[in-house]
Amino acid sequence: MEFSIKQSSPEKQHSGCVVVGVYEDGKLSPEAQALDKAAAHQLSDLVARGDLDGKTGSTLLLHHANGSAAERVLLVGLGKAAEFGAKQYLDALGAVFNALKKTAVKDAALFLTDLAVKERDENWKIKQAVLAAAESGYRCDQLKSKPAAAPTLRKILLGCADKPKAAAQQALEQAAATAHGMKLAKDLGNLPGNVCTPTYLADQAETLAKKYKLKATVLEEKDMQKLGMHSLLSVTRGSHQPAKLITLEYHGGDKKHKPVVLVGKGITFDSGGISLKPGAEMDEMKYDMCGAASVLGTMQAIAEMKLKLNVVAVIPSCENMPGGSASKPGDIVTSMSGKTIEILNTDAEGRLILCDALTYAGKFEPDTVVDIATLTGACVIALGHVATGLFSNQDKLAGELLAAGEQAHDRAWQLPLWEDYQPLLDSNFADMQNIGGRAGGTITAACFLSRFAKDYRWAHLDIAGTAWKSGKEKGATGRPVPLLTQYLINLANSK
Ligand code: BES
Ligand code: MN
Ligand code: ZN
């Protein structure tokens with residue numbers, strides 16, 4: 001999809017479809033008024049007749065509206081003018097792209113980014129319009145024998161009253177790069193476990209490295225043995241697929257600047273291992289590499305944006321399978337850090353691969369480390385599918401990530417990492433056990449990771465509830481690529 005932003009008037013716009021907003025009280029937005037004037041009140045007559053109630057997300061499509069240079073005009077309801085905020089704006093965008101999808105329109109001109117949205121600036125409105133367009137155009141038919149016809153909508157113009165500022169153009173480009181990163185994350189997430197293996201993820205990293213001149217390194221099991229990553233290796237024991245430790249380095253900043261390291265959980269299928277999961281919806285455990293996918297998507301996005309900073313991706317990847325040589329409950333392993341771990345539940349495998357990856361991340365002398373993982377079912381219970389769980393050993397970093405999430409509308413919510421939870425991980429036989437019981441399961445998982453992240457500023461994002469959708473709309477969401485990308489944009493701007 002192509003995006004552009006241009007100063008223009010809705011009535012003069014030659015396009016497959018011009019989109020303008022109408023409020024619930026029948027009041028036309030300024031852009032709709034301009035069209036209405038050119039159309040000798042055709043629009044206000046329609047609204048007065050009651051054909052469009054103006055409720056948020058209602059739509060009315062007109063063909064060859066009077067006075068309009070476009071083939072179609074789409075009116076979209078915005079709800080009450082006084083209540084028009086972020087949610088209403090996003091709902092209206094969703095409705096617009098849904099309505100456009102049902103037509104054969106090839107290019108559309110949206111006159112929505114000049115609308116006043118409570119507490120949001122122009123750049124935010126531009127970004128969200130681009131992300132909504134990309135979201136509506138996404139389909140996953142990589143593995144269908146006959147792919148459905150490609151979506152017809154290819155070009156989106158954002159029309160505005162004034163000449164767009166340089167910042168608006170930049171917001172548009174950054175949003176497009178973010179959307180491309182989300183597409184990569186969704187594509188990888190949606191691939192099944194028999195295709196998207198650790199080897200496949202390593203190949204993807206190498207492909208990105210070639211395309212964007214990054215440095216990819218893939219460590220094999222024998223390398224991990226030498227490094228003493230016995231916690232990571234304990235998870236892959238039941239699998240026939242070789243485990244990989246993938247790193248991808250982006251050097252966009254000053255050589256002197258320490259990098260941000262993004263660590264993504266890359267379990268390409270989580271059966272639970274010997275602590276086997278129940279059968280219902282087990283297929284969804286192909287999504288257990290969405291942390292890794294979001295890290296690759298973010299690397300692509302920042303490389304496309306040419307951000308001026310240094311970022312390293314570290315992706316521990318393997319399958320968690322049962323088998324004759326699989327780890328058993330009660331087994332004790334020594335992690336790369338030297339700390340010993342009693343594996344009481346082989347289904348708490350994410351933390352077992354992440355702890356060694358966090359130790360390995362120290363090798364890059366990081367400024368900050370952020371890990372991203374579909375870590376706990378408990379996080380889905382706590383926060384549902386709206387917010388990502390956030391933990392950090394530094395409140396300033398937590399604040400920056402929360403703010404980036406708000407800015408990108410890819411929100412997170414901070415949970416406590418208090419010392420009081422740590423004793424739940426005490427083991428009679430090893431330095432710690434890998435589970436802390438049912439109570440506070442998301443927190444004890446984060447507490448486990450925190451023990452391996454003491455040497456640097458660190459945050460953990462539990463994306464178990466936000467990385468994919470279940471049910472009829474089953475599919476990866478591409479989250480938290482927008483949050484991570486925004487965080488890195490803000491960081492680059494502050495340097
Ligand atoms: N990948 C799962 C977490 C998960 C579960 C994500 C459901 C999304 C939906 C993780 O490896 C896991 O199995 N966690 C266990 C931990 C428990 C054994 C302490 C869980 O959440 O049940
Ligand atoms: Mn598991
Ligand atoms: Zn898992």
Side-chain angles (χ1 to χ4, degrees), residues 189-190 193 196 198 201 231-232 234-239 241 243 263-294 315-322 326-331 341-357 371-389 391 415 421 424-425 427 432-449 460-471 474-477 479-480:
N190 287 329
C196 185
L201 283 180
S231 182
L232 193 167
S234 77
V235 177
T236 195
R237 292 179 58 93
S239 167
Q241 292 292 335
V263 179
K265 173 177 173 183
I267 294 287
T268 57
F269 189 75
D270 180 12
S271 70
I274 295 298
S275 313
L276 195 66
K277 284 183 181 295
E281 287 153 27
M282 205 207 266
D283 66 292
E284 295 193 4
M285 282 302 125
K286 71 175 184 179
Y287 291 115
D288 215 16
M289 36 56 71
C290 280
S294 76
I315 296 173
S317 181
C318 68
E319 284 183 337
N320 185 22
M321 298 292 276
S327 293
K328 304 168 290 296
D331 285 1
I341 304 164
E342 183 184 15
I343 303 172
L344 286 182
N345 189 320
T346 64
D347 197 11
E349 85 298 339
R351 59 199 83 180
L352 295 176
I353 66 166
L354 288 168
C355 69
D356 280 345
D371 78 69
I372 303 98
T374 48
L375 201 64
T376 64
C379 191
V380 191
I381 304 302
L383 298 173
H385 303 285
V386 178
T388 290
F391 297 84
L415 296 166
Y421 292 99
L424 292 167
L425 296 170
S427 158
M432 70 192 88
Q433 55 190 41
N434 77 329
I435 53 169
R438 270 169 61 80
T442 304
I443 300 174
T444 49
C447 283
F448 181 95
L449 297 180
H460 158 60
L461 295 170
D462 193 329
I463 57 167
T466 51
W468 78 89
K469 290 183 185 157
S470 309
K474 192 191 282 182
T477 60
R479 290 179 69 183

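Both ligands and their constituent atoms are indexed starting at 1 by order of listing. Position 1 is the first residue of the sequence; numbering continues from there. Note: hydrogens, waters and symmetry copies are ignored here, and every other heavy atom, side chains too, is used.
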If we set the cut-off at 4.0 Å for heavy atoms, which region of [X] has an atom near ligand 1: side chain, backbone, both, or neither?
{"X": "F269", "result": "neither"}
{"X": "L375", "result": "backbone"}
{"X": "N345", "result": "side chain"}
{"X": "K265", "result": "side chain"}

When you measure from [atom] to every protein heavy atom, which one gives the shortest distance, and what is it?
{"atom": "atom 2 (C) of ligand 1", "result": "D270 OD2, 3.5 Å"}
{"atom": "atom 15 (C) of ligand 1", "result": "D347 O, 4.0 Å"}
{"atom": "atom 9 (C) of ligand 1", "result": "M285 CE, 3.6 Å"}
{"atom": "atom 20 (C) of ligand 1", "result": "G377 N, 3.9 Å"}
{"atom": "atom 8 (C) of ligand 1", "result": "W468 CH2, 3.3 Å"}

Atom name of the N, O or S atom in D270 that lies nearest to the Zn ion (ligand 3): OD2
D288: its N/O/S atom lying closest to the Zn ion (ligand 3) (atom name): OD2
For E349, the ligand 1 atoms whose distance to one of its heavy atoms is below 4.0 Å: 11 (O)
Which of the ligand 1 atoms, numbered from 1, are nearer than 4.0 Å to a heavy atom of T374: 1 (N), 2 (C), 3 (C)
Atom pair NZ/CD of K469 and E284 - distance to nearest 0.5 Å: 13.0 Å
Presence of N, O or S from L375 under 2.8 Å of the Zn ion (ligand 3): no
Polar side chain donor-acceptor pair, S470 to E281, under 3.5 angstrom: no
Modelled atom types, side-chain donor and acceptor of T388 and T466, under 3.5 Å: yes
Test item: protein heavy atom less than 4.0 Å from atom 22 (O) of ligand 1: no
The Mn ion (ligand 2): angle it makes with OD1 (D347) and OD2 (D270), nearest 10 degrees: 100°
Nearest-option assignment for atom 6 (C) of ligand 1, heavy atoms, candidates A348, A464, G465: A464
K277 near ligand 1 by a heavy-atom separation under 4.0 Å: yes
